[in-house]
Amino acid sequence: MTQKEKRIIVIGGGAAGMLAALTAARMGASVTLLERNQKVGRKLYITGKGRCNLTNDCTPAEVLSNVPRNGKFLTSAVTRFPPAEVKAFFTDLGVPLKTERGNRVFPVSDKAADVVDALFFALRRSGVDLIQDRAREILTDHGAVSGVKGERGSYAGGAVILATGGASYPLTGSTGDGYTMAAALGHTILPPKASLIPLVVEGEECPSMQGLSLRNVVVKVKNKKGKVIFREQGEMLFTHFGLSGPLILSASAHMRDFEKDQYTVIIDLKPALDEVALDDRLVRELTGQPNRAFHNVLETLAPRLLIPVLAKRADIPSNLPANAVTKVQRRRLLETLKGLSFPVAGPRPVEDAIVTSGGVKVSEVDPKTMGSKLVQGLYLAGELLDVDAYTGGFNLQIAWCTGRAAGQAAVEGFQ
């Protein structure tokens with residue numbers, strides 16, 4: 001076998017690409033990693049709000065239950081490199097970990113940079129040749145991979161692992177190049193759509209509350225038939241365009257058909273209180289401050305930026321004395337506090353998504369090896385594939401396990 005055939009080229013220095021390159025190099029392969037950015041792991045720096053939620057401390061079955069699209073395809077990869085092994089892998093790299101609410105796993109330092117650095121230095125120690133170049137074409141010879149053509153040069157190799165990411169956050173390098181290269185080799189590309197994406201709400205209410213973060217609220221989403229398709233407690237954020245924050249991103253993954261369906265986000269601002277307890281609280285606040293203006297009394301119940309919206313929704317004049325609030329008005333206020341609703345106009349652009357659904361059709365990829373069924377020596381990993389998961393570290397878990405599977409298989413393909 002020639003030296004060309006024994007070399008593995010990895011396209012993309014994100015989570016999946018770095019894991020694939022490191023796995024292959026540790027198995028003795030000669031590995032070249034092509035990354036268009038000056039540094040590898042650029043998108044990893046911004047995951048988990050810069051803290052890097054690198055997996056979820058759960059079973060493989062629980063991982064798959066959090067993958068709404070093509071989860072079955074990932075069964076082998078997740079089972080062979082489950083969250084427990086991902087944790088051990090990073091601990092061995094010198095990254096101490098901790099587990100937080102929802103079994104989310106973070107570095108103890110709360111710094112995504114520590115994860116990227118650990119991978120970078122592991123790649124260097126393993127002899128991976130890191131080259132800054134933008135791959136443009138995967139070269140083939142008689143139906144088998146023969147190398148990669150980049151903007152700065154050409155690279156001979158008998159196996160290529162394509163791990164360029166999706167179409168989200170293009171400033172980090174995820175510009176859809178991988179889709180183009182895979183399609184040129186005959187792969188079917190399902191159009192990428194936003195998943196884990198902020199939501200657009202029309203009108204002036206959200207802009208008036210821009211920057212307001214709500215904690216410990218319950219968000220539920222209903223479709224146009226009134227069916228609740230999502231319900232979870234946590235944190236969310238109002239923005240100039242609508243809604244964002246962890247709860248909203250999680251909810252968006254369940255909103256799969258904006259073209260045909262209509263969605264409404266409903267916020268329970270007081271989930272710890274049932275209607276009876278909340279009504280008792282309202283009575284106490286209103287009767288305890290009888291001469292104060294209604295909007296001033298509301299300051300004990302809600303953040304300042306939210307008060308004008310609550311007063312308007314409940315149809316109560318802001319300057320009305322507390323002792324003049326009627327039982328009917330109080331009921332409207334209670335219903336607003338327990339169900340502040342916002343019709344969703346749609347998602348933000350796909351470029352704003354944390355991850356994208358769509359990509360290379362998984363029926364054209366071997367689920368055990370991540371190998372292309374169309375081109376010998378081609379492997380695909382990470383967000384480029386038509387799989388995506390909910391928030392909580394599951395998408396990075398997908399990147400790690402598919403990258404590892406591709407790296408192993410690429411080496412074993414030479415044997």
Side-chain angles (χ1 to χ4, degrees), residues 1-45 89-90 92-95 113 115-141 144-165 172-175 177-178 181-182 185 369-372 375-384 399-400 402-415:
M1 197 174 280
T2 68
Q3 191 63 34
K4 176 194 78 170
E5 292 171 325
K6 293 180 180 180
R7 176 171 286 279
I8 295 172
I9 304 167
V10 179
I11 304 174
M18 285 192 286
L19 213 298
L22 186 55
T23 299
R26 284 180 168 182
M27 292 177 67
S30 178
V31 182
T32 297
L33 174 59
L34 302 180
E35 168 54 48
R36 59 180 293 181
N37 293 312
Q38 286 186 335
K39 293 184 177 180
V40 293
R42 185 129 177 232
K43 190 174 177 181
L44 272 173
Y45 281 109
F89 172 83
F90 281 101
D92 289 344
L93 285 188
V95 183
V115 175
V116 179
D117 287 348
L119 287 166
F120 171 75
F121 288 114
L123 290 167
R124 293 287 293 271
R125 288 193 302 271
S126 298
V128 174
D129 190 12
L130 296 166
I131 298 178
Q132 185 185 0
D133 197 356
R134 181 177 185 176
R136 285 299 193 185
E137 182 185 0
I138 297 171
L139 304 174
T140 60
D141 184 14
V145 162
S146 61
V148 174
K149 182 178 181 180
E151 290 183 338
R152 298 182 176 182
S154 294
Y155 311 88
V160 170
I161 300 172
L162 189 56
T164 51
T172 66
S174 296
T175 55
D177 286 0
M181 286 184 277
L185 296 176
T369 65
M370 299 298 132
S372 167
V375 181
Q376 182 182 342
L378 174 64
Y379 302 83
L380 307 105
E383 194 182 343
L384 179 74
W400 306 132
T402 57
R404 184 172 184 264
Q408 284 183 332
V411 176
E412 291 167 355
F414 290 122
Q415 298 170 359

Looking at every non-hydrogen atom in both residues, tell me the closest pair between G178 and L384 and how far apart they are. C-CD1, 3.5 Å
Sub-3.5 Å donor-acceptor pair from the side chain of T23 to the main-chain atoms of G407, do we have one? no
Sequence neighbours left out, what passes side chain to side chain donor-acceptor pair (under 3.5 Å) with R124? Give chain and number order. none
Just by modelled atom types, is the N37 backbone N or O under 3.5 Å from a matching donor or acceptor in the E35 side chain? yes
If I take atom CD1 from residue I161 and atom CD1 from residue I138, how far apart are they, to the nearest 0.5 angstrom? 11.0 Å
Please report the interatomic distance CG(D141) to CD(Q376), rounded to the nearest 0.5 Å. 10.5 Å
I131 and side chain to side chain contact (heavy atoms under 4.5 Å, CB included): which partner among T32, I9, L33? T32
Do you know the tightest heavy-atom contact between F414 and R7? CZ-O, 3.9 Å
Within the 4.5 Å heavy-atom criterion, are F89 and L22 side-chain neighbours or not? yes
I'd like to know whether CD of Q132 has more than 12 heavy-atom contacts from other residues, nucleotides or ligands below 6.0 angstrom. yes
Going through the checks in order, is the side chain to side chain contact (heavy atoms under 4.5 Å, CB included) test met by K39 and V116? CA-CA 9 Å; K39 293 184 177 180; V116 179; over 6 Å; no
Looking only at non-hydrogen atoms, find the nearest pair between T402 and M370 and report the distance. O-CG, 3.6 Å
Using side-chain heavy atoms (C-beta onward) and a distance below 4.5 Å, is D177 in contact with R36? yes
Shortest non-hydrogen contact from V148 to A135? CG1-CB, 3.8 Å
Applying side-chain contact (heavy atoms from CB on, under 4.5 Å), can you list everything that pairs with V375, at least two apart in sequence or on another chain? T140, V145, L185, S372, L378
Let me confirm one number: the CD-CG distance from Q408 to L19, rounded to the nearest 0.5 Å. 9.5 Å
Is any side-chain heavy atom of T369 closer than 4.5 Å to a side-chain heavy atom of E412? no
Working to the nearest 0.5 angstrom, can you tell me the gap between R136 CZ and M181 CE? 8.5 Å
Taking all non-hydrogen atoms of both residues, which atom of G371 and which atom of Y379 are closest, and how far apart? CA-CD2, 3.4 Å
Indicate the atoms forming the closest heavy-atom contact of I8 with A29, along with that distance. CD1-CB, 3.7 Å
